[in-house]
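To keep things clear, I will list the structure first and then write my remarks on it.
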Amino acid sequence: MTAYNFETSTPNTWCPGCGNFPLLNAVKAVLQEPGEGETPTPPENLVLVAGIGCHGKIVDYLNINSFYSIHGRVLPVATGIKLANPDLEVIGFAGDGDAYGEGLEHLIYAAKRNIDITVIIHNNRVYSLTTGQFSPTSPLGFPGRSTPAGSPEPPLNPLELLLASGATFLARGFSSQPEQMKQIIREAINHRGFALVDILQVCVTFFNLHQYYAERVYTVEDHDPADYFQALNKIREWDYGASPSGTSPGGASPGKANPGGEEKERIPLGILYKKEAPTFARRLSPAGGGNREEATRESRTAAKERQALIEKILAGSK
Amino acid sequence: MTAYNFETSTPNTWCPGCGNFPLLNAVKAVLQEPGEGETPTPPENLVLVAGIGCHGKIVDYLNINSFYSIHGRVLPVATGIKLANPDLEVIGFAGDGDAYGEGLEHLIYAAKRNIDITVIIHNNRVYSLTTGQFSPTSPLGFPGRSTPAGSPEPPLNPLELLLASGATFLARGFSSQPEQMKQIIREAINHRGFALVDILQVCVTFFNLHQYYAERVYTVEDHDPADYFQALNKIREWDYGASPSGTSPGGASPGKANPGGEEKERIPLGILYKKEAPTFARRLSPAGGGNREEATRESRTAAKERQALIEKILAGSK
Amino acid sequence: MMKETPAIAGLDNLSVLVGGKAGAGIDRSGTILGKLLNRLGYRTFIYRDYPSIIRGGHTFSIIRAAKDRIVAHRDEVDIILALDRETFVHHQHRLKKEGICLCDAREKTALPDPRAFGIPLSEILREEKAPAVMTNTCMIGAFAKATGIDFPPLEKILRQELRKEPELNIKVAKRGYDAVNEVLTIQPLPREVLPLITGNEAIALGLVRGGLDAYLSYPMTPTTPILHYLAGVSREFGLDVLHLENEISVILTALGYAYAGKKAAVGTSGGGFCLMTEGLSLAGMAELPILVVLGQRTGPSTGLPTYSAQSDLLFALHAGQGEFPRFLVAPGDAEEAYYWSALGLRISWEFQIPALILSDKNLGESFFNFDRKLVEDPEAPDLLPAGENNKPGAGAGQDLPYRRYELTGTGVSPLAFPPLAGGVIKVNSYEHDEAGITTEDPRQTTVMQEKRLRKAEYLARALEAVKTVNTYEGEDHGAHAHQTALLCWGSNKGPCFEVGRRLGLKVIQPVVLNPFPTRQFQQALAGVKKLITVENNATAQLGRLIRNYGFQANGEILKTDGRAFSIEELEKKVKEAMA
Amino acid sequence: MMKETPAIAGLDNLSVLVGGKAGAGIDRSGTILGKLLNRLGYRTFIYRDYPSIIRGGHTFSIIRAAKDRIVAHRDEVDIILALDRETFVHHQHRLKKEGICLCDAREKTALPDPRAFGIPLSEILREEKAPAVMTNTCMIGAFAKATGIDFPPLEKILRQELRKEPELNIKVAKRGYDAVNEVLTIQPLPREVLPLITGNEAIALGLVRGGLDAYLSYPMTPTTPILHYLAGVSREFGLDVLHLENEISVILTALGYAYAGKKAAVGTSGGGFCLMTEGLSLAGMAELPILVVLGQRTGPSTGLPTYSAQSDLLFALHAGQGEFPRFLVAPGDAEEAYYWSALGLRISWEFQIPALILSDKNLGESFFNFDRKLVEDPEAPDLLPAGENNKPGAGAGQDLPYRRYELTGTGVSPLAFPPLAGGVIKVNSYEHDEAGITTEDPRQTTVMQEKRLRKAEYLARALEAVKTVNTYEGEDHGAHAHQTALLCWGSNKGPCFEVGRRLGLKVIQPVVLNPFPTRQFQQALAGVKKLITVENNATAQLGRLIRNYGFQANGEILKTDGRAFSIEELEKKVKEAMA
Ligand SMILES: Cc1ncc(C[n+]2csc(CCOP(=O)(O)OP(=O)(O)O)c2C)c(N)n1
Ligand SMILES: Cc1ncc(C[n+]2csc(CCOP(=O)(O)OP(=O)(O)O)c2C)c(N)n1
Ligand code: SF4
Ligand code: SF4
Ligand SMILES: [Mg+2]
Ligand SMILES: [Mg+2]
């Protein structure tokens, strides 16, 4: 058997040095090489969903089923695909503007429902494709093109928000650490339930935080991701630059925002939270207390039976 | 001086016994009688904003400036009014479907930005005006008209979500405890920053939880609302019925959901979290690091100056 | 108790109004009364009028029964069942001179009208320790006796319709029954009894008939009942029925279903539809099938949430940025709602375009008789030319690498779903090449735009074989009566057809509104000199639409108060317009 | 280095194309080149073509300079400045026989065309240790010398435009300048130099001129530059400029501003506009002023995000459920963009209705000369009939209790803002009474609907006094040339006016599209036998719109590839259409 070819011939138009490249490679590697003792998902059972932004181009570069969606709506599309066919492995790629801004409500609901999908956020903390505005995770004071005097709002901590929303898998990676990205993404895909991976993806053009991250990230150890409070503490350890007087990159005046001498804050990477819980599909099923019969679903096309049932209903409506 | 008349002659069409009545009365009382040592806000400086649902009718019953908005959009409207004129006291009334469902993203952003408004959620945990579907805070398994086999998703804990979003004032009241509602609402209005009050408002027609709440609620004491972790613990003490095996009202079979003999869960009421932080308007101002000159704002109408400035810009664009 | 039998007008046309406070069970009473008359063999129609209020506020239903098929209500009523005083005060003017009004004995003194008859409703309830909501049941019992209907058939209906405390209900009904005298006799008609369903139920069943896999919605009047109905039958039909966080999620999730090969429909009204328009444009670009039920209500904005309108036609036609084909149909009664929902779903899937069912509150929430014999087979018409490689699923098992947007003669590409062994299925909201990869190339853009619009041409051709414009030519009531035609769409079909019959006018009802059935419309206009458009909007939207195709209405009858045209009202206005 | 001077066509019409990879500073170069020619007294226009890609991908600008006013680009160019090889390969066909192409000396061997001249750009950069992006500056220096422009004026522009490392830039430019010989001489024209601004800047300044208090947006091409621009000048003008979480929030927050008495505008494109439609309908019902800049781009859906279209006209006209008046205007150049943005804001506020500025990528992102003398005073026209109690603010200080929706002759109610001592201001998305309290009454509903629609009538009357339809009748090039007219709207004004002039055709450009200026349009049509509509869409949307008013186009020139019409292309198509 020849190996499946995951490449397309589409020319890649990301900027040289963009953190999306290692992210793409990590995804490709995970899909190509199953983890130890795992049987690989057949490539035709994979479906990728993307939003609109630099991140979204990833689906053009992968020879895999894909739904290149609209800005902010990766989550409902991915939810629909997964519910329609539970055999498909659905992976969403979204931007920080996309998932934490434009369509934030869907993200919270996907977590609340524990939809069995994986979402990878290309969190470059800026709107890149629209040429550099502040985003939901830009540090307070970030001087984007829509906020030349500095962004007037502190960032969201998306992991904290999603923890509060009921997400069952939360992890953080860094685009300059490919091995760890692979490991996290692999575990996220294997997780049964809603998995979100926040990748600190460096945008070299509009917000180059490579050095900043490199000096601060560390991988969590001796961490029990099943423990809510441990998870919460790890998640809150870094606030994405919410405090202007803190050590986050204030963009406008990084010197001021990160005064020399003060200790640098630390940014934990790895799987920060993980918990087992019934998925939405399971709760819909009789086993989960619902009335969604998988068997009936299979035989949905039995038009004749339907017709008979319709006639019965009509006969009863007299 | 004759007292301002807060009543309208509009006939009230809430169901007899609806928890919206005491809520309306509490709001009226707070607006009428300022707290000790406070000067009352002149009635013409009050603005109410409502969503669409049973809750929204409250604005028809109050002889106060109001913006009866559309479903799910109380927050952006209230934000716009407050930013346009900081002298106005803006109070939003929203439903659980409205604010935690349809337009959830705005709520999170109002908290993130710390917009200086008060939002009161008539959280009856059901869609009432549309005749009884499950809502974002209905307990898991709730048999609404759209989920006759029981809702397949656990509820959000809105206070937990808002704490994670950066809200600076979070409180919970109960529509059958008018005095406490008054006190909470008064403090919420006085709070400088974003204040959310989640009122457990009994809907006698579609989800009558009066008795259920009456047996479980208590007022927090010895609680330091400025302490994040204390607040979080109080907020997580009750999960709005997320755990099917817990003691929340499962609606479908409350007996099963609340098995006899087991200890009843407790529902804390009162001000659960409170913190001082710069408001969005302050951050926009020079004092907050922004460039929004209040002085210039006052003289906005100086059309001549503007005209001259435009000519200068044009002259510079050659 | 009751004095001697008043003369009631011909039983080929009986109207009963039942009214009371919102939340008092008026709606349910209407259904029970409707079924009662329906089972006697009368053709039945129920018009429902209720405010956006859960309790209190005035609500009423008008149940009309006749020998012939009817699909509209009359202003004038024969009987009023007044569950509160307001009902009589409000509707007194409707009551025929020789009509009767049944009310609670307590109220009788306040209603000094000889047509009002007091029944000891509250007394009976008190004696039976029955809750106030059972006043209805008691009243219905009285009605049955007064109109000479036997008790057993009523009992049967009550058992079916009232699940809570059936015994007490029946007892109370019987006491009402026994408390009055027969004042007229409604003779059973020995003929087939037809189902009595709402337009919303017809849409729901039509969708199921068309092969629906999933219905997704966020509640919004007037389509919420479709959500409730399908949620109730989801198990039997193996449907996914989901109530999601908002309408944006609803349409995007539905497009996810479509991508995975499952037929999804969504239902909403104006405000929710606004939020779906971005998804609609995505469906157009990505060529994903989707069916949208758009139930119109009085706008703009929140408007009158529980009242009707026909003011979203042009919005529905142009909603979403850019240009892409869409199918738009406005059924006029239950049979059309059923047929076109089923066929609409097929069209959406065979052409991979959005299909919109334009409903309104009057269509969705009124009860109609459903006559199976009037319904064609929605699977019968061939839509795509034979031999074209464009049937759903045709992509599977091909030799070539699968290309989601393969260029074909009809513009319709083979449709396949994941998992497709050996094939990759890419859909894209950006302009794209045949494989679904993003492009910004000017030539490619033009070609793809043409491909998508070509589907509209083939759809228009396919619809030539289907009846897309209904016409009615009744008996000619005068030399040139047929030279005048009423133009109508959607739920105005009923009143227009009846008024047309009464006045001997031609009636033209285009059911399909896009692609516009120009040829069939032209044919329908043969011999017409004066065309009067009848619409529930302020700007004659259909009148404006037909101008695009070279036609012109020369009269307008418009109504914007949210209420349906009654026969009398429309007749009067038509006469004025003809004068 | 350079061989002898090639003959370049008449300097009354010079076109320069500068191209390279996205992210290489092409856009900036275009601006500098444009300003350079502009300051010499030439009338200048810059067409910009770039992909939705941050780095890489081919980008180019065409700078056109002429003695007379021009508002369109030509295909044929005199000079190509090729920052990469692809630029020459792509655009070779455009280059005049006697034109020249400047490129890096390294590339020259790969471009075996006698018109290509190598300049040691990379060598200079290496020597000066300048970053790659300064290749542009070096090239511009070479261009200036080659065209006989003095260095000091270039230096001045470079200092203004290049804030980062100005000295190095100037050094590099000078080295480029010194590396070539003069091949032609662009003589300065001794006359007034006009500002050179983009359509987006014109819109932004027009809004400010109209009294804007706040601009709210979520970034979306092609209106993002308005957000950036106004954010940059917010302090000087005392504006609130907010980038919010999504477009729903944008329009609803703006309506909050309007309620509080602050003039707000929002900007977006198709997908974002979809999300605003529900808010638009709210504005219609609640009678809140709002101005929406809708920048069209190639759809449907995400489409070609950085290319143009005119395919949202009918969507903009009908967007939002229900019926309510709206003002819709499509400016065709910078002066119109400025004037109508200012007047549009006034109209929105005086009539308390939504106003839409229908822009497109070509209008918004091209650079135009801005001639103050062509702009009327946007405060001049009287809009509302004198003596009516309906001016903004008229509500304050009245005797009566204030009623937000007071019925008036024009339908326009007195507008007041909180705090209003002694008055209560209630706006409502439900149907409401004069005080703003919810109603479901049928009569009230009809009256209020009429009130709102009455405003459209008065607006139409007010606009009679303003020039809403532009016509151009050039010199007559033949006996019946003026019997043919080109119909156009928005950014097609430029190419149509120029082609009309060349061919002696009449050109008709309705600027206001709703309320449609029927009388002025009728006048414009006087003597026209053949009307050819020129549009950047597939279905001739303006052609369809005019049918509603009884007019008919009998020819269509449509283009859907996202690119602007060039003069040559349009001329060819017009000739075909006339044949
Ligand atoms: C409804 C809508 N609004 C706005 C846009 C324009 N838009 C395209 S990408 C983008 C932001 C991209 O930021 P992000 O999601 O962080 O992605 P990145 O480019 O940083 O990967 C925006 C605003 C759009 N396509 N659709
Ligand atoms: C966009 C939109 N979708 C749906 C509706 C219909 N609708 C009106 S009220 C409501 C839900 C009300 O629930 P909630 O917000 O909890 O308010 P309650 O009636 O319980 O006070 C819905 C879905 C609407 N008006 N607008
Ligand atoms: S702009 Fe930023 S995110 Fe986009 S491709 Fe370039 S480096 Fe990557
Ligand atoms: S339905 Fe419920 S929330 Fe609405 S008025 Fe009645 S009791 Fe109150
Ligand atoms: Mg980003
Ligand atoms: Mg509720």
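Chain identifiers are assigned alphabetically (A, B, ...) following the order of the sequence lines, protein sequences preceding nucleic acid strands; residue numbering begins at 1 within each chain.
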Contacting moiety of [X], where chain C heavy atoms sit under 4.5 Å:
{"X": "Arg544(D)", "value": "both"}
{"X": "Phe273(D)", "value": "neither"}
{"X": "Ala538(D)", "value": "both"}

Among [options], which residue forms the greatest number of heavy-atom pairs with chain C at distances under 4.5 Å?
{"options": "Gly270(D), Ser269(D), Gly299(D)", "result": "Gly270(D)"}
{"options": "Gly271(D), Gly57(D), Ala316(D)", "result": "Gly271(D)"}
{"options": "Gln310(D), Glu431(D), Met276(D)", "result": "Glu431(D)"}
{"options": "Gly279(D), Gly562(D), Pro305(D)", "result": "Pro305(D)"}

Please classify the contact between [X] and chain D as side chain, backbone, both or neither, with a heavy-atom cut-off of under 4.5 Å.
{"X": "Ile248(C)", "value": "side chain"}
{"X": "Asp312(C)", "value": "side chain"}
{"X": "Gln541(C)", "value": "side chain"}
{"X": "Leu453(C)", "value": "side chain"}
{"X": "Arg452(C)", "value": "side chain"}

Would you check if the side chain of [X] reaches a backbone N or O of [Y] as a donor-acceptor pair within less than 3.5 Å?
{"X": "Glu323(C)", "Y": "Thr539(D)", "value": "yes"}
{"X": "Gln321(C)", "Y": "Pro300(D)", "value": "no"}
{"X": "Arg547(C)", "Y": "Asn548(D)", "value": "yes"}
{"X": "Ser281(D)", "Y": "Ser301(C)", "value": "yes"}
{"X": "Asp561(C)", "Y": "Asp441(D)", "value": "no"}

Thr445(C) and Thr560(D), any side-chain heavy atoms less than 4.5 Å apart: no
Which one wins on heavy-atom pair count under 4.5 Å against chain D: [options]?
{"options": "Gly543(C), Ser311(C), Gly550(C), Gly320(C)", "answer": "Gly320(C)"}
{"options": "Val447(C), Leu317(C), Asn537(C)", "answer": "Asn537(C)"}
{"options": "Gly322(C), Ala319(C), Ser429(C)", "answer": "Ser429(C)"}

From CA spacing to verdict: side chain to side chain contact (heavy atoms under 4.5 Å, CB included), Ser52(D), Glu440(C): CA-CA 8 Å; Ser52(D) 182; Glu440(C) 302 196 321; 3.3 Å; yes
Minimum-distance pair of heavy atoms, taken over all atoms of Leu304(C) and Thr439(D): CD1-O, 3.7 Å
